[in-house]
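See structure below.
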There are 2 protein chains.
Amino acid sequence: MADTVVTVRDIAARVGVSVTTVSNVLNGRPNVGRETRAAVLRAARELGYRPNRAAQAMRTGRTRALGLVLPDLTNPFFPELAQAVEHTARRAGLLVCLIDSQGTVEGEADGFALLMQHAVDGIIWCPLGPRQPRHLREFRGPIVLVDRPRPGYDVVQSDYAMGGRLLADHALAMGHGVVGLLSGPEQIESARQRRDGFTGAHPRALRVAWEVHVGFDGVLTPAAVDALTHRRGATLIVCGNDLIAISAIRCLTGLGVAVPGEVSVTGFDNIRWTDLVTPRLTTIAQPLGPIGAKAVEVMRERMSGAPHVGRRTLFDVALVERDSVRRLARRERRSVRGPGRARLHRETT
Amino acid sequence: MADTVVTVRDIAARVGVSVTTVSNVLNGRPNVGRETRAAVLRAARELGYRPNRAAQAMRTGRTRALGLVLPDLTNPFFPELAQAVEHTARRAGLLVCLIDSQGTVEGEADGFALLMQHAVDGIIWCPLGPRQPRHLREFRGPIVLVDRPRPGYDVVQSDYAMGGRLLADHALAMGHGVVGLLSGPEQIESARQRRDGFTGAHPRALRVAWEVHVGFDGVLTPAAVDALTHRRGATLIVCGNDLIAISAIRCLTGLGVAVPGEVSVTGFDNIRWTDLVTPRLTTIAQPLGPIGAKAVEVMRERMSGAPHVGRRTLFDVALVERDSVRRLARRERRSVRGPGRARLHRETT
DNA sequence: GCTGTGTAGTGTAACGTTTCACTACCGGGA
DNA sequence: TCCCGGTAGTGAAACGTTACACTACACAGC
């Protein structure tokens, strides 16, 4: 009601008790009588009391704020995650402080520094790479990783090995025997998990003709374009994520190669735009919302004293079958067993 | 170096001055000798001093944190904006606290409440609608709007009237005379600006056959589907944003209507995915990065005492011409002057 | 009657920073 | 000599909250 700020002292004065008692009530501590408790609560409501977080933070050392450090909000993978994290955190009364490193290690380091100055209670982090950001060790407080594991940290992510397996099963079922890999960055663990899940599933039936690494932002390197141009026997291009797959499809069609007519493509993530592209992309769907929510949950456990055990929480993924993988006819299947390059070259011209 | 936290007191003790002097040095205040200043700075660096933001906040009432309240991170419009805001804010030493209301007024209200508890220094806000969120008035501190104006607030946005005009010019140049409008929400000012810019540009040459309002998330209502089915003479569908346009194209092709063969479509925003869809979308590009950066800049001016003047900062936009608008032949142009419905019906079957 | 235990509540010292009011000293002008 | 103004620096009181160490009282058991 008043324009001035209401403090515990005001409540204490109005009810006629000490500030300690007010504090005890407000924090749900025992040793307060029923009626006193009710009176304090009522006074707080009537006066429009809002706890001063800064003062609380200074006294307790806890800010009730979380850091969320992401590589790139421009990749549609992350907004969905961020949305879930923010929503779940807010329901728990936690504020989310966002850092978007824009893919640079300096951005990541600066972000951490800022979060530490503000003494966030914990950090939910999707690491850029294996390099340890400056000053990170100085952060006292729980860190929970999302999507990308790192030795010694808790992580919440999709079961990428499962995703890779699903993709491999599908490839086989559609008659593909030789594939090319347009994997995500080599130094990102989750990119390796996707790849290894795929290659490990049917090591004999599925031959990897080549592998090229590109960024998760889908920008194709010259090496990638070259691989897409020659393909060396691959009838299916397995991409590290949807952005890469979409770029690959555009590159291929630009090259005059029909997708999936001449070569099939798969993605990973099932971002919103995968059924926009032509052909609609066959990919792996992962539950981004639940992953974000779970990350906050794990964080809350850690914040309330649960010991750090380096646990890994995995979510099931699912194959989303659309139009970018063609079922190979019997004679086509045979042809891929040959020496590859020469035959293929002929086929694609 | 030490595991324990370093305070101004520690610096004072080491240098042999009072904490006041240390504080004065650290805050660049006068009345400190050259050498003393240097000594304090050195000690601070050597001890690894980091100011305790909570204590500062309590004393000064300023947190050096900003709120960013957005309707929906899932709409690719916003991540780009958020990225720019966060980046610019961080360069100025400001932390960005994210609220994603997920399109609900309760979410928005809860978000504001949380930000106010944490006493952010200012709020950058893209309002959901004209309704005033609960408790908003109680927020003391600057509010800067992005993208969507509101009477009495500073706003940074694209020149949507210009965008509408550009679209109208283009429609005319391509020979379209009768259009249908799939506008954004009626209660959102920026949606109206886009529409009015279009309709006001060539009121005589361009006839609006119908207008249907849908959400910016691109989910088509039955009324919208109906309008797309019959079209009543419109040869061009002008959509409130790209998400709507993409949905419209999908709906139309699902209906067996060729785009742009039978009907043309335009979008607005030029999100990353507009040249993914078939046909590639003709749309209006707006400088999201600069808008976000400017919003932070305006906020900083306001934070450092600049008076509130309800100023509106407009950014130029540009037409991005792609494949979703067909150039009408002369006889086609004539045909749209007729009674419309009946003729059109025949054309589309 | 004494001790022990539990409940209800109080007083006050922190937390780390900024800021107000003040002192000490020096050099210059009258 | 005295006074004045400026520079360099100090001490201590806040800011709003929590938490520790207390007190006061009632009631039960022996």
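Keep in mind the model is a prediction, meaning the values are calculated, not measured. Naming convention: chains lettered A, B, ... in sequence-line order (proteins, then strands); numbering from 1 in each chain. We use all heavy atoms of the structure for the numbers below, so side chains are in, but hydrogens, waters and symmetry mates are not.
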Margin query: I'd like to know if B/Thr20 reaches the base of D/dG9 with its side chain such that a donor and an acceptor end up less than 3.5 angstrom apart.
Written below: no

Notebook entry, point to check: Is there a donor and acceptor pair closer than 3.5 Å between the side chain of A/Arg59 and the base of D/dT17?
Noted result: no

Next item on the list: Check every strand shown and say whether B/Pro51 touches a base, only sugar-phosphate, or nothing at a heavy-atom separation below 4.0 Å.
Entry: sugar-phosphate

Check: Just by distance, do the side chain of A/Arg148 and the backbone of A/Trp125 share a donor-acceptor pair under 3.5 Å?
Finding: no

Notebook entry, point to check: Tell me: CZ of B/Arg9 to P of C/dC15, nearest whole Å?
Noted result: 7 Å

Next item on the list: Quick one: label B/Arg34 by what it contacts on the DNA or RNA (base, sugar-phosphate, nothing), any heavy atom closer than 4.0 Å.
Entry: nothing

Checklist line | Cationic N near anionic O, under 4.0 Å, A/Glu46 to A/Arg14 | finding: yes

Next item on the list: Would you mind classifying the nucleic acid contact of B/Thr7 as base, sugar-phosphate or nothing, using non-hydrogen atoms under 4.0 angstrom?
Entry: sugar-phosphate

Checklist line | Whole-Å distance separating the CG atom of A/Asn31 from the P atom of C/dG6 | finding: 11 Å

Notebook entry, point to check: Angle, rounded to 10°, between the helical axes spanning five pairs at each terminus of the helix from C/dG1-D/dC30 to C/dA30-D/dT1?
Noted result: 60°

Check: How long is the line joining CG of B/Asn24 and C1' of D/dT10, in whole Å?
Finding: 10 Å

Check: What nucleotide among D/dT18, D/dT7, C/dT10 has an atom nearest to a side-chain atom of A/Val17?
Finding: C/dT10

